[in-house]
There are 2 protein chains.
Amino acid sequence: MERELLLLGLLRRRDMHGYQLHEFIERFMQTCVDLKKPTAYYLLDKLAQAGYVAQSEEREGNRPPRRVYTLTEAGEQYFQTLLAQNLADYLPARFAGSVGLAFLDVLEAGNAAALLRQRRTVLANHLAQAQSAPPHGGSFQLVLEHQIVHLQSELTWLDEVINRLEGAA
Amino acid sequence: MERELLLLGLLRRRDMHGYQLHEFIERFMQTCVDLKKPTAYYLLDKLAQAGYVAQSEEREGNRPPRRVYTLTEAGEQYFQTLLAQNLADYLPARFAGSVGLAFLDVLEAGNAAALLRQRRTVLANHLAQAQSAPPHGGSFQLVLEHQIVHLQSELTWLDEVINRLEGAA
DNA sequence: TTTTCCATGTAACTCGTTACATGATTTC
DNA sequence: GAAATCATGTAACGAGTTACATGGAAAA
């Protein structure tokens with residue numbers, strides 16, 4: 001449901017068309033959702049059919065006409081419901097990367113440390129990118145903040161694991 | 001790929017049948033993977049067809065016969081490859097719950113705080129459960145440790161957000 | 001003039017889930 | 001005798017992705 005929540009929430013601020021929504025989400029929300037273009041259009045269509053958003057064609061010059069979406073009353077209600085649900089519930093993140101950790105002892109300590117140092121580089125890059133992102137208006141800043149706090153905690157822990165391995169080597 | 005990695009890694013320690021594998025994963029690995037029974041059987045079949053595991057029927061008394069899987073040489077190779085990849089790469093977790101945070105300012109501060117306190121309860125439960133889990137052998141302990149560190153960081157941050165909201169109210 | 005950007009979609013496919021089916025065995 | 005457990009699957013479905021198609025406009 002979080003994709004719908006996001007789309008509705010963005011439309012709540014101002015009317016937008018699909019391309020615009022997709023672009024915004026890709027640029028600023030990549031940390032929590034990743035929705036492709038076809039999915040965006042599909043979801044918008046579904047929301048429109050459910051009556052949560054209204055469409056209106058708009059053309060500027062000879063450019064391809066665009067379908068602008070507006071939040072309806074029902075949409076606002078639905079948004080509030082989804083928002084309350086999303087905030088009240090904590091759905092634990094799945095760490096696909098943890099699986100490998102379970103088999104760390106399969107490898108010789110030096111070898112394992114080398115691989116984790118590679119992981120550390122990737123992680124540090126993510127963190128640097130998050131930290132260099134321009135500040136965002138309102139609560140959107142919270143999302144970024146959360147991401148940074150999380151990545152920092154990850155980095156600290158990874159360093160500790162690497163240290164242990166190198167101490168053992 | 002992390003599901004395959006997990007299955008191969010478990011079979012590497014000892015031969016197991018599908019039911020056993022599924023049960024183990026559900027009980028001890030729920031933090032990083034969640035694979036249902038049909039998926040487990042499907043995956044094992046795929047791994048068998050690819051030659052990474054070998055099957056052998058086994059029956060105990062009149063109980064339903066079970067298909068025991070054994071890691072092959074090729075499977076061991078594949079496991080090593082997957083493991084190295086998994087360790088070297090950091091794939092950022094997606095926080096579906098963050099979406100709601102982006103729209104926190106839509107709600108009146110007290111209201112928002114109330115919802116987040118609910119979230120906090122759920123989160124605290126997850127943490128308590130992770131902390132009370134019995135220690136695991138070898139590197140499996142790392143997975144649990146990681147989960148605990150993560151949940152603690154989440155809780156700390158959540159508390160800070162709630163504090164800010166209550167300060168503003 | 002060729003590439004990139006704007007703007008929207010469709011079709012086919014993959015992955016995984018739900019719900020269902022089977023049947024023996026142990027536990028209540 | 002009923003329910004839960006052991007053990008394996010199939011069939012139908014759903015959500016989301018990839019690859020493809022279209023076509024004008026701006027930029028290189």
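Chain letters run A, B, ... following the sequence lines, proteins first and then strands; every chain starts at 1.
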Do the rings of B/His136 and B/Phe24 sit parallel, tilted or perpendicular, given the 30° and 60° boundaries? tilted
When you compare the side chains of A/Gln49 and A/Asp45, does any donor N or O come within less than 3.5 Å of an acceptor on the partner? yes
Please check if any side-chain donor atom of B/Glu154 sits under 3.5 Å from a side-chain acceptor atom of A/Tyr90, or the reverse. yes
Over how many whole Å does the gap from A/Gln20 atom CD to C/dC6 atom C1' extend? 11 Å
Contact between B/Phe95 and A/Leu91 at the side-chain level, heavy atoms closer than 4.5 Å - yes or no? no
Rounded to whole Å, how long is the line connecting atom CG of B/Asp45 with atom P of D/dA7? 18 Å
Using only side-chain N and O atoms of B/Tyr19, determine if any of them is under 4.0 Å from OP1 or OP2 of D/dT8. no
Can you find a side-chain donor-acceptor pair between A/Glu76 and A/Gln80 that sits under 3.5 Å? yes
Residues clustering with A/Tyr19 (ILVMFWY side chains joined when closer than 4.5 Å, directly or via others): A/Tyr41
Base versus backbone protein contacts along nucleotides 15-22 of chain C [heavy-atom cut-off under 4.0 Å; B, S, -]: -SBBB---
Could you check which of C/dT8, D/dA7, D/dG9 has an atom nearest any side-chain atom of B/Tyr69? D/dG9
A/His17 NE2 to C/dG9 P, straight-line distance once rounded to whole Å: 11 Å
When the ring planes of B/Trp157 and A/His146 are compared, do they come out parallel, tilted or perpendicular, using 30° and 60° as the limits? tilted
How long is the line joining CD of B/Glu23 and P of D/dT8, in whole Å? 11 Å
Roughly, in whole Å, what's the span from CZ in B/Arg66 to P in D/dC6? 11 Å
Five pairs per end, C1' atoms only: what is the angle between the end axes of the helix from C/dT1-D/dA28 to C/dC28-D/dG1, to 10 degrees? 30°
Find the distance B/Leu44:CG to D/dT10:P and express it as a whole number of Å. 13 Å
Looking for any heavy atom pair under 4.0 Å, which part of the strands does A/Glu58 touch: base, sugar-phosphate only, or nothing? nothing
Send over the distance from A/Gln55 CD to C/dA7 P, rounded to a whole Å. 16 Å
Any side-chain heavy-atom pair from A/Asn125 and A/Gln129 closer than 4.5 angstrom? no
Could you tell me whether the side chain of B/Leu44 reaches within less than 4.5 Å of the side chain of B/Leu11, counting heavy atoms only? yes
A/Tyr41 side-chain N/O to C/dT8 phosphate OP1/OP2 under 4.0 Å: yes
